[in-house]
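The basis for the numbers below is simple: all heavy atoms, side chains too, and nothing from hydrogens, waters or symmetry mates. Predicted model only: the values in this text are computed from it and were never measured. Below, chains carry the letters A, B, ... as their sequence lines are ordered, and counting in each starts from 1.
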Amino acid sequence: MKYDFTVGDKKWQDRWEAEHAFEAKDDHTLPKFYGLIEFPYPSGAGLHVGHIKAFISMEVLSRKRRMQGYNVLFPIGFDAFGLNTENYAIKTKTHPRIVTDRNIANFTRQLKSVGYSFDWSRVVDTTDEDYYKWTQWIFLKMFEHGLVFRDKTLVNYCPSCKVVLSNEDSQGGKCDICHSDVVQKSKEVWYLRITEYADKLLSGLDLVDYPANIKQQQINWIGKSTGAFVNFELDGIEEKLRIYTTRPDTLFGVTFMVIAPEHPIIDKYADKIANMDEVKAYREACAKKTEFERTQLQKDKTGVKIDGLTAINPLSGKKIPVYIADYVMMGYGTGAIMAVPAHDERDYEFAKKFGIDIIEVIKGGDISKEAYTGDGEMINSDFLNGYDNKKDSIARVIEVLTERGIGEGGVTYKMKDWAFNRQRYWGEPIPIVHCPHCGMVPVPYDELPLRLPEVEDFEPGEGGESPLAKVESFVNCKCPKCGGDAKRETDTMPQWAGSSWYFLRYCDPKNESAFAGMDALKYWMPVDWYNGGMEHVTRHMIYSRFWYRFLYDLGEVPYIEPYMKRSAVGLVLGSDGQKMSKSLGNVVDPLDIVSAYGADTLRTYVCFMGDYGVASPWSDTGVKGAKRFLDRVAGLTELVHGKGVTPALESSFHKTIKKVSADIEELKFNTAIAALMTLLNEIYDNGSLTRDELLTFVKLLCPFAPHISEEIAETLGEKSLLSLAAWPEHDEAKTVDATVELALQVNGKLRGTLTVDKNASKEDVLSLAKADARVLSQTEGKTIVKEIYVPGRIVNIVVK
RNA sequence: GCGGGUAUGGCGGAAUUGGCAGACGCGUCGGUCUUAGGAACCGAUGGGAGACCGUGCAGGUUCGACCCCUGUUACCCGCACCA
């Protein structure tokens with residue numbers, strides 16, 4: 001048989017759709033499997049080959065699970081709000097709704113042409129008002145529970161996109177969307193209090209099966225540290241200077257204090273500061289730098305001593321100077337530190353530069369040369385002298401600090417609260433009304449969704465305000481609380497909002513009275529397996545775990561963590577080994593492969609190209625190899641004779657069933673396909689196989705290459721869909737060969753092989769081995785000192 | 001700087017986790033069939049005439065090391081003056 005993909009692919013795709021083959025069933029008594037892929041952003045560029053690889057793992061697994069009798073939820077949706085669509089809409093003067101609909105239609109057509117077994121009856125579109133109604137609903141619940149607040153701070157602002165970015169969206173000082181330089185701007189913006197969930201997000205990691213590196217990355221991102229808060233008295237000032245330290249044991253070694261340039265205490269006590277001009281100048285110089293630039297210049301410490309502020313060491317009573325320096329960040333801890341130059345490299349460098357005292361409090365280093373950050377015996381530390389630092393002195397200090405009311409133990413996090421806003425059109429409107437009498441008032445739940453108004457002009461305002469601000473009919477409203485004139489919030493939510501809960505909507509996508517019904521949630525949640533890119537490990541995953549955990553605390557979802565298992569997909573690189581990019585001209589369009597070779601070839605090649613979790617380069621000739629393999633599979637139809645079992649192939653079939661089944665579970669698709677290739681070669685060597693064997697073969701192939709597998713099954717007389725047929729089971733006893741080939745070694749060097757009965761005794765094997773000519777030639781005239789026999793593997797004769 | 005990872009033929013990658021290194025595929029070479037082949041099929045393919053040598057490099061443990069240990073180099077990915 002020859003398979004014509006130009007006809008067959010469509011034929012089977014149509015039939016799957018007509019028979020609703022891949023739609024999840026409402027029968028909640030069946031064993032379930034919920035496989036999730038990161039839903040795509042429907043860009044105008046269409047499907048990328050990276051999407052193909054990203055989706056193929058859960059595709060293969062879901063197809064196998066269905067054949068194993070599971071009720072499978074393998075959904076697809078579109079994360080369609082976002083700046084790219086909006087910028088395109090502005091450029092082409094087309095409404096983003098139209099652009100989005102067009103792109104989704106295109107993605108849908110393309111995804112279907114690859115034969116993905118998504119449940120198309122549950123498609124979720126984050127820009128659909130029936131969806132974002134619930135995004136707004138969850139936001140209001142957070143507002144209600146004090147997790148939403150507004151704050152005026154320095155924000156990362158992209159002058160090109162005219163939008164405020166979160167820290168996550170502006171890493172390296174570049175805008176995540178357009179890659180222009182981010183500037184610092186003072187603005188009042190919305191925040192979600194994600195830091196309140198820091199500990200829950202940390203402890204939740206113990207309950208889930210993520211790879212160690214992913215867990216580690218999330219742990220680092222949250223960045224919990226334990227230490228102490230200490231309040232330093234300021235000479236002649238009522239207020240105390242509060243600092244955070246992880247090393248309260250070194251308190252007696254404090255010789256100066258440093259505060260961040262933005263620290264509020266400067267303005268508050270400006271009249272006490274003698275050199276205010278100098279301090280101001282320094283502060284302005286720092287403000288001009290972005291946080292990125294500040295960290296880049298970490299080599300050289302700069303700072304200014306504040307004349308007029310003197311701190312008092314709460315334990316020793318010594319007076320110590322206070323500096324302002326940009327190596328201390330306002331955003332971490334309290335924005336102020338106690339400096340212990342003897343035992344901190346940064347403080348040491350600063351102290352050397354400014355000629356400040358260095359007091360050693362831990363023995364073990366040479367502080368005349370460098371800071372000593374190791375452990376040792378405490379010295380020069382009054383009641384701590386003689387203690388081992390860290391071990392018990394930290395606990396002792398915290399005890400004393402607490403007793404005397406000068407401080408207490410505490411924790412801090414690197415993670416900051418989530419800047420939750422965009423001043424753009426194409427996002428979920430934040431459902432809050434600003435009332436001159438009542439303040440911030442939430443839009444009542446029964447008025448959701450708060451729809452995006454129709455506007456003519458999607459351009460953001462010059463002051464960086466949202467296009468919604470120009471729509472008077474939207475802005476002007478009545479306060480839901482007092483009925484007086486009020487103004488609507490005009491910011492929209494960031495793109496991460498819609499993707500923070502989409503996996504819940506899939507469970508019950510048409511529900512009108514809740515984001516999803518509890519029955520459906522109890523059955524489908526948690527997600528059994530979530531596959532996606534490493535770039536989403538610290539943003540999307542942490543955000544969505546936060547939203548989910550919040551809903552759990554409200555009793556709205558049934559399990560404590562949303563994703564039971566997570567795995568990562570590796571990039572598809574260009575054939576030159578570099579990241580695919582238009583400028584390098586190494587981009588592969590998956591639809592070109594589909595039209596030239598068929599969907600099965602694309603799918604099989606992507607599975608076969610390498611380790612799924614690792615980046616691997618594209619190879620055009622490799623694609624042809626996949627095509628050749630599938631053509632050879634089709635050729636098997638010519639070799640079919642009779643039914644039942646071919647004795648010469650039986651063991652190979654059982655081994656292959658075992659291997660393919662196990663490899664799919666570990667996403668080792670390359671070796672699964674290699675095993676099918678090996679079996680194929682054996683069948684060709686054998687010259688024939690039975691109908692039943694070919695059926696088994698195409699069942700194993702079906703998750704990878706479903707169209708051709710269905711077609712072959714049909715030629716064998718199968719009437720129902722192969723995609724829903726029972727997955728083959730192997731018989732362990734039949735995977736064991738009657739004879740085994742052992743490696744023959746002398747002194748660990750390979751000298752040949754030996755074929756023996758699988759049940760042969762140790763004595764028999766050893767005597768056979770010692771009698772072997774190739775062994776004899778090495779052992780002759782020497783003394784055998786050791787004989788090693790590992791059944792099924794190796795014989796090693798050690799001689800002297 | 002800190003944390004995590006990787007290193008195997010001409011290429012992508014295998015190796016039951018300490019037991020025949022290079023499965024499978026690509027490429028290459030030779031052949032068959034062809035007017036032709038950049039199609040298909042068959043055969044060979046780590047290096048070396050050979051004894052032997054080969055998993056980034058140098059050691060170590062072991063009967064036996066791609067795998068474990070020590071040191072080292074290169075590259076990749078996170079985080080980065082985090083107090």
Check: protein-nucleotides 25-29 of chain B nitrogen or oxygen pairs below 3.5 Å:
residue	atom	partner	partner atom	Å
B:rG25	OP1	A:N681	ND2	3.3
B:rC26	OP1	A:R628	NH1	2.5
B:rC26	O2'	A:T621	OG1	2.5

Please list, for nucleotides 47-55 of chain B, all pairs of protein and nucleotide N/O atoms separated by less than 3.5 Å.
residue	atom	partner	partner atom	Å
B:rC52	OP1	A:R751	NH1	3.3

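In this structure A:S581 satisfies the side chain to side chain donor-acceptor pair (under 3.5 Å) test together with A:S583, sequence neighbours excluded. For A:E196, there are no salt bridge (Lys or Arg N to Asp or Glu O under 4.0 Å) partners two or more places apart in sequence or in a different chain.
When the C1' atom is compared between B:rU70 and B:rC26, the two are found 39 Å apart, to the nearest whole Å. On the C1' atoms, B:rA83 is 29 Å away from B:rG5, given to the nearest whole Å. Between B:rA7 and B:rA40, the distance separating the two C1' atoms is 38 Å to the nearest Å.
The side chain of A:Y244 places no N or O atom within less than 4.0 Å of a non-bridging phosphate oxygen (OP1 or OP2) of B:rA83.
Contacts between residues 664-672 of chain A and RNA chain B, counted as heavy-atom distances below 4.0 Å, involve A:K668, A:N670, A:T671.
Ring orientation note: the planes of A:F350 and A:Y327 are tilted relative to one another, at an angle of 30° to 60°.
Residue A:E741 is classed as a base contact, given a heavy-atom separation below 4.0 Å to a base.
A stem is defined here as three or more consecutive Watson-Crick or G-U pairs, each with both distances under 3.5 Å; for RNA chain B these stems are B:1-7 with B:73-79, B:10-12 with B:24-26, B:27-32 with B:40-45, B:56-60 with B:68-72.
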